[in-house]
Colleague: 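Please see the structure below; I have some questions.
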Amino acid sequence: MKIKLLLCLLFIFAFSSVSFAQSVKVTPGKITYKRPKPIVDFKKSFTVIYPKISGLTPALNKKVETAVSYERNFHFNLKEEINEIQWLEEASYKVDYNKNGILGVTLTMSGTGAYPSVYDKPVIVNLKNGNKIQPADVFIKLNELAAKAKKAQQNEIKKALIEIKKEYPDEESPVDFFQNADFTAENLKEFTVSDKGVTFWYDYGFPHVAQALQPEGRYFFSWAELKPFIKRGGLLAQFVR
């Protein structure tokens, strides 16, 4: 009886350790797809490097994979890409953070249409439940936090205008490129996490011919700066105790 009880306790402990792991194993799953009817020779194939997740329960591994998938974050459709769209050349990822119950990855998709282009998107996942973390899950006073990021954005724009006028003196109205720039609470959904703090991302959406002029759009705030905006009981509260 004691042996059975001990085995049950060991099983529960092992299961709990897996279910509430502080990190996961992320391995690349590379697949090269062939297009049966490529529109041009260099579009005969494309490569997708999938982030494969292990270290949790099978169901939770799958849920995390879905949360960081290209399909979910870029509205990528494999069948359409193979047969109709034919834009993609490579999809890949980079692990930004993988501990303290948080997985952060940056997904990248590059391809060629009228011009070659590259798109990056950060994704943050709660490893306890496999869900993609939304701003309201971990932050409070979202409008105030967005205003803080907007102030950083305005400073970035001022510096960018000085650099643009210096490097491209013939550029007629560089300020026009920023006329739609406006960091709002909606933009808080794209961010990365590190041991030092959080970096919010913003895409100015410059036209391709002017992308060399586009600022980085990355606004870092330390945990000390973010403390008034961190949600109690949220996953990021562990950094501001």
Side-chain angles (χ1 to χ4, degrees), residues 9-29 49-74 91-108 120-146 148-149 152 183 185-202 216-241:
L9 290 173
L10 288 173
F11 175 79
I12 291 171
F13 176 77
F15 181 80
S16 298
S17 298
V18 171
S19 299
F20 300 104
Q22 292 295 298
S23 63
V24 292
K25 185 177 181 181
V26 187
T27 54
I49 303 175
Y50 295 96
K52 308 300 291 183
I53 307 299
S54 60
L56 305 172
T57 64
L60 201 50
N61 288 334
K62 185 64 177 178
K63 193 172 182 181
V64 174
E65 284 184 5
T66 299
V68 299
S69 67
Y70 304 103
E71 289 82 356
R72 176 66 60 86
N73 293 284
F74 285 104
S92 60
Y93 71 92
K94 177 175 68 74
V95 177
D96 301 314
Y97 197 82
N98 186 14
K99 55 184 174 178
N100 297 317
I102 301 169
L103 175 65
V105 301
T106 295
L107 303 176
T108 300
D120 295 321
K121 185 175 288 288
V123 184
I124 305 290
V125 180
N126 184 337
L127 293 180
K128 289 185 178 180
N129 55 28
N131 293 331
K132 182 177 177 180
I133 298 173
Q134 302 299 325
D137 297 333
V138 291
F139 300 116
I140 59 174
K141 299 185 286 188
L142 299 184
N143 289 332
E144 289 184 38
L145 180 56
K148 187 177 181 69
F183 197 103
E186 178 67 18
N187 300 116
L188 294 173
K189 63 185 179 181
E190 293 196 350
F191 63 94
T192 56
V193 171
S194 73
D195 289 328
K196 295 182 178 180
V198 170
T199 301
F200 294 102
W201 290 34
Y202 185 88
E216 187 179 18
R218 303 289 186 267
Y219 314 119
F220 170 79
F221 299 99
S222 68
W223 292 118
E225 292 176 287
L226 289 172
K227 187 173 183 178
F229 304 99
I230 298 298
K231 184 175 183 178
R232 288 187 179 182
L235 195 55
L236 301 186
Q238 60 187 305
F239 297 103
V240 296
R241 291 172 183 171

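Not measured: the values here are computed from a predicted model.
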Colleague: Once side-chain hydrogen bond (donor to acceptor under 3.5 Å, both in side chains) is applied, do any residues pair with Asn73, and if so which ones, sequence neighbours excluded?
Modeller: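 Expected list: Lys132.
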Colleague: Only counting residues at least two apart or in another chain, list the ones meeting side chain to side chain contact (heavy atoms under 4.5 Å, CB included) with Ala146.
Modeller: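 Only Phe183, Ala185, Leu188 meet the side chain to side chain contact (heavy atoms under 4.5 Å, CB included) criterion with Ala146.
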Colleague: Mind checking whether Leu236 and Ile102 have side chains closer than 4.5 Å, heavy atoms only?
Modeller: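 Yes; the side chains approach each other to less than 4.5 Å.
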Colleague: Measure the shortest side-chain to side-chain distance between Ile124 and Phe191 over non-hydrogen atoms and say whether it is less than 4.5 angstrom.
Modeller: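 Yes - at least one pair of side-chain heavy atoms lies under 4.5 Å apart.
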Colleague: Can you give me the closest heavy-atom contact between Phe221 and Ala149, atom names plus distance?
Modeller: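 Looking at all heavy atoms of both residues, the closest pair is CZ-CA, 3.8 Å.
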Colleague: Enumerate the side-chain hydrogen bond (donor to acceptor under 3.5 Å, both in side chains) contacts for residues 222-238, please, sequence neighbours excluded, ordered by first and then second residue.
Modeller: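 Non-adjacent pairs meeting side-chain hydrogen bond (donor to acceptor under 3.5 Å, both in side chains): Ser222-Glu225.
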Colleague: Under the side-chain contact (heavy atoms from CB on, under 4.5 Å) criterion, do Thr199 and Phe220 qualify, and how do the steps go?
Modeller: CA-CA 4 Å; Thr199 301; Phe220 170 79; 3.4 Å; yes
Colleague: Can you check side-chain contact (heavy atoms from CB on, under 4.5 Å) on Trp201 and Thr106, steps first, answer last?
Modeller: CA-CA 11 Å; Trp201 290 34; Thr106 295; 3.8 Å; yes
Colleague: Does the Tyr93 side chain pair with the main chain of Tyr70, one donor and one acceptor, at a distance under 3.5 Å?
Modeller: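 Judged by distance alone, no pair lies under 3.5 Å.
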Colleague: Using the salt bridge (Lys or Arg N to Asp or Glu O under 4.0 Å) criterion, which residues pair with Lys141? Sequence neighbours excluded.
Modeller: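 Checked Lys141 against salt bridge (Lys or Arg N to Asp or Glu O under 4.0 Å); zero matches.
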Colleague: Would you say Arg218 and Phe200 make side-chain contact, with heavy atoms under 4.5 Å?
Modeller: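 Heavy-atom side-chain distance check fails, nothing below 4.5 Å.
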Colleague: So which atom in Leu107 and which in Ser69 form the shortest heavy-atom distance, rounded to 0.1 Å?
Modeller: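 In terms of heavy atoms, the two residues are closest at CD1-O, 3.8 Å.
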Colleague: Can you list the residues that meet the side chain to side chain contact (heavy atoms under 4.5 Å, CB included) rule with Pro58, with sequence neighbours excluded?
Modeller: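 Once residues adjacent in sequence are excluded, Pro58 has no partner under the side chain to side chain contact (heavy atoms under 4.5 Å, CB included) criterion.
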Colleague: Holding to side chain to side chain contact (heavy atoms under 4.5 Å, CB included), I want the full list of residues that pass it with Asn98, two or more places apart in sequence or in another chain.
Modeller: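 Here the qualifying residues are Ser23, Val24, Val26, Val95, Leu103, Leu127.
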Colleague: What heavy-atom pair brings Pro122 and Thr192 nearest, and what distance separates the two atoms?
Modeller: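 Scanning both residues completely, I find the closest heavy atoms to be CB-CG2, 3.6 Å.
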Colleague: Going by the rule salt bridge (Lys or Arg N to Asp or Glu O under 4.0 Å), which residues pair with Lys189 if we only count those two or more places apart in sequence or in a different chain?
Modeller: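 Glu186.
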Colleague: Do any pairs count as a salt bridge (charged side-chain N to carboxylate O under 4.0 Å, His left out) and have a residue in residues 64-73, sequence neighbours left out, and if so which ones?
Modeller: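 Every pair satisfying salt bridge (charged side-chain N to carboxylate O under 4.0 Å, His left out) with a residue in residues 64-73: Lys52-Glu65.
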Colleague: Just to verify, what does Lys63 make a side-chain hydrogen bond (donor to acceptor under 3.5 Å, both in side chains) with, not counting sequence neighbours?
Modeller: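 If we apply the side-chain hydrogen bond (donor to acceptor under 3.5 Å, both in side chains) test to Lys63, skipping adjacent residues, the hits are Asn131.
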Colleague: Output all residues satisfying side-chain hydrogen bond (donor to acceptor under 3.5 Å, both in side chains) with Thr108, sequence neighbours left out; order by chain, then residue number.
Modeller: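 For Thr108 the side-chain hydrogen bond (donor to acceptor under 3.5 Å, both in side chains) partners, ignoring immediate neighbours, are Asp120.
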Colleague: Which value, rounded to the nearest 0.5 Å, describes the distance between Asn126 atom CG and Asp137 atom CG?
Modeller: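 Between Asn126 CG and Asp137 CG, I get 8.0 Å after rounding to 0.5 Å.
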Colleague: Could you list the residues that satisfy side chain to side chain contact (heavy atoms under 4.5 Å, CB included) with Asp195, not counting sequence neighbours?
Modeller: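 Per chain and number, Asp195 pairs via side chain to side chain contact (heavy atoms under 4.5 Å, CB included) with Tyr97, Lys99, Asn100, Phe239.
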Colleague: From Asn187 CG over to Leu142 CG, what is the distance, rounded to the nearest 0.5 angstrom?
Modeller: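 Output value for this atom pair is 12.0 Å.
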Colleague: So, taking the atom named NZ in Lys148 and the one named OH in Tyr219, what distance separates them when rounded to the nearest 0.5 Å?
Modeller: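 Result: 14.5 Å between the selected atoms.
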Colleague: Give me the atom names and distance for the closest heavy-atom approach of Leu56 to Val64.
Modeller: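 Looks like CD1-CG2, 3.9 Å.
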Colleague: With side chains defined as the heavy atoms from C-beta onward, is the minimum distance between Leu226 and Val240 less than 4.5 Å?
Modeller: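 Contact flag for Leu226/Val240 side chains = no.
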Colleague: Residues two or more places apart in sequence or in another chain: which of them pass side-chain hydrogen bond (donor to acceptor under 3.5 Å, both in side chains) with Tyr202?
Modeller: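 With neighbours one apart ignored, the set is empty.
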